[in-house]
Protein chains: 2
Amino acid sequence: MVDVATLAGVSLKTVSRVVNNTPNVQPELVERVLAAVAELGFRRNHLASSLRSGQTTATIGLLIEEIANPFYAAIAGAAAEVARRHDTMLIIASSEEDPAREQQLLRDMCARRVDGLLVVPAGHDHSFLRAEVELGTPMVFLDRPPGGVLADTVLLDNRGGARAGVGRLVEAGHRRIAILLDSIGVYTMRERLDGAQDALAPTGAPYDTRLVREGIRDPAAASRVVAELLDQPDPPTAFFSMNNRITLGVVEELCRRGSDAALVGFDDFDLARLMPYPLTVIAYDTRELARTAAELLFRRIEGDRSWPRTVVLPTELVERGVPPR
Amino acid sequence: MVDVATLAGVSLKTVSRVVNNTPNVQPELVERVLAAVAELGFRRNHLASSLRSGQTTATIGLLIEEIANPFYAAIAGAAAEVARRHDTMLIIASSEEDPAREQQLLRDMCARRVDGLLVVPAGHDHSFLRAEVELGTPMVFLDRPPGGVLADTVLLDNRGGARAGVGRLVEAGHRRIAILLDSIGVYTMRERLDGAQDALAPTGAPYDTRLVREGIRDPAAASRVVAELLDQPDPPTAFFSMNNRITLGVVEELCRRGSDAALVGFDDFDLARLMPYPLTVIAYDTRELARTAAELLFRRIEGDRSWPRTVVLPTELVERGVPPR
DNA sequence: ATGAAAGCGCTAACAG
DNA sequence: CTGTTAGCGCTTTCAT
């Protein structure tokens, strides 16, 4: 900047004014400065400017589990769009579901003085962020609630969605309904399981724990569990899958066998219409989830100091056919 | 840091040493400093440290078209993984295929003094980056070559892949092969078209421009084009689709009609096995593309000053059946 | 409307 | 092993 000022024959401060589009600079000087900027290939150092001015880095951080996963990619896309409207850059980091890594990444983002944080929690204890929150760094949690810190949270109606999905199977006459889920350690899975039980309770059907299978991490595992369940003496007549990876494996195995068991899955599919199986699902708007969270965050960044709130977004039962019992 | 130093009764510099894990500090002092850090909730300002030390911000920028797109999400995932291994944060920005926006974003990233840039080009002229390159900011282009600037580039063998795909259709006896593509303005599409023509040329079949359809932006448009082509007096017996959005629309329309036309598509699908149609595709390793680019970038960041190179990654014909003519 | 001086929070260079 | 001093590139404050 000193070089530019020298070349343009003005003071350093005038260069700063021109570079920042401050009004009240003589057009002639503006031109001279701009010429010098071009000639020297000057590029403003954003770090230095936000170091001195102190308030904003025009950057927010997004912490997710894994960017290659379509769910998180959708979140990142919606967050990026909102960030863009606020002329803000987005730092994206993946926790890989590792709480230690989550903590390290969040600390690092804070050290970079992001203006705010959008977090899909991996761990259950976020009290280490309390100091940061008190220091005034806004943060919004999404998809899962934080632990040990009071902050804005945007969630899906997991319980209501699962209740509706299993309810639909009950309505179709099913009583032996297998429930397939990933780790019970994850908040969303616990909520969905509660919802499933809400729907099952009024039927008076005995709650058969052998029909609830936990720890299914991928489609292949889901296929194996389905095979095992169908080979039992008293097989289930319907399946409730708690995420789309599992649903995929269930579809594969049901098709392989030409089974007429019913299936309802949590999470919608891009290609559901082309599936060789009527796929009724519980859908929700992932982008809306992220958009809501990001907009809440920017409201905070712009100075909103109201009490933290929790927003719950609805889910929708997308009916594509449910074979009766 | 001054406060921490005062509280711990040491100099500012000692605090700096402790915070940076510099060896050769008395354990006792380390402890006192750490206690003060904890008590005051001190968090090192990463911006200030990289402003002064000047060399590295431990940040790289990734410019893509749109993060929610699975192709770019895969790229982002692989890049994030390499960045992570180098303890580097990733700023991701989406150009939305707008060259003006691309330029603005890249300039902004440079202003933030990223250590390097990973770019999937949207525009055709990147000469505005030349000053930046000369100033020593490493950058690697991927999926498409840059224009007007010499830099490392990692590409797929688009031409070879298309040649193999269309070649497979020719081998199955097809001569009237419809070719469906997105915008001809995109490098990858032009390359793939060249490859298709490579395969068609030796057959001596007249090159029928009515069978080459450009400007297909989404599955619905692809379905419409397929319908139109099949309703012609002399319909094609095979389709070559140049990306997976198009392939999807082709599959839908072929299924709807129960057509036995052959189909080969560029880009693989997650759910190809479950498709109601034998889907032979040209596959490639998207993550490998990004990994290669990111590793090249870090080699540059670490000081490699060798002449820029271009790497071309192979594609693979994944055979899932091709109906003969 | 323009400029001079101070300083953001940190690290480099050099002493002690 | 520890401290002092200067200064990264910019913006703020206050003068002119």
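Predicted model, so just to flag it, every value in this text is computed and none were measured. Order of the sequence lines fixes the chain letters, A, B, ..., with proteins taken first and strands second; residue numbering starts at 1 for each chain.
On the nucleic acid side, DNA chain D contacts chain A at distances under 4.0 Å to non-hydrogen atoms, with the end points of that region at D/dG9 to D/dT12.
A pairwise comparison of heavy atoms in A/Gly116 and A/Thr137 identifies CA-CG2, 4.4 Å as the closest pair. Scanning both residues, B/Ser127 and B/Asp125, for their nearest heavy atoms gives OG-OD1, 2.8 Å. Of all heavy-atom pairs spanning A/Leu51 and B/Ala48, the tightest one is CD1-CB, 3.7 Å.
Between B/His86 and B/Phe298, the ring planes lie parallel to each other; the angle is under 30°, not in the 30° to 60° tilted range.
Of the side-chain N and O atoms in B/Ser16, one or more sit less than 4.0 angstrom from OP1 or OP2 of C/dT11. At C/dC10, none of the side-chain N or O atoms of B/Ser49 fall inside 4.0 Å of OP1 or OP2 (strictly under the cut-off). Between B/Arg44 and C/dT11 there is a side-chain N or O to OP1 or OP2 distance below 4.0 Å.
Put simply, CG on B/Leu51 is 11 Å from P on C/dT11, counting in whole angstrom units. The distance from atom CZ of A/Arg112 to atom C1' of C/dC10 is 15 Å, rounded to the nearest whole Å.
Put simply, the side chain of B/Thr153 does not reach to within 4.5 Å of the side chain of B/Val140, judged on heavy atoms.
Of the two residues contacting DNA chain C, namely B/Lys13 and B/Leu47, the nearest-nucleotide position lying further toward the 5' end is that of B/Leu47. Between A/Ser53 and B/Gly9, the residue anchored closer to the 5' end of DNA chain D is B/Gly9, taking for each the nucleotide with the nearest heavy atom.
Less than 6.0 angstrom separates the ring centroid of A/His126 from the ring centroid of A/Phe141.
For DNA chain D, the residues of residues 17-42 of chain A within the heavy-atom distance limit of 4.0 Å (strictly under) are A/Asn20, A/Phe42, sorted by number.
Using a 4.0 Å cut-off between charged nitrogen and carboxylate oxygen, B/Arg85 and B/Glu81 count as a salt-bridge pair.
Residue pairs meeting the salt bridge (charged side-chain N to carboxylate O under 4.0 Å, His left out) criterion with at least one member in residues 13-35 of chain B, sequence neighbours excluded: B/Glu28-B/Arg32.
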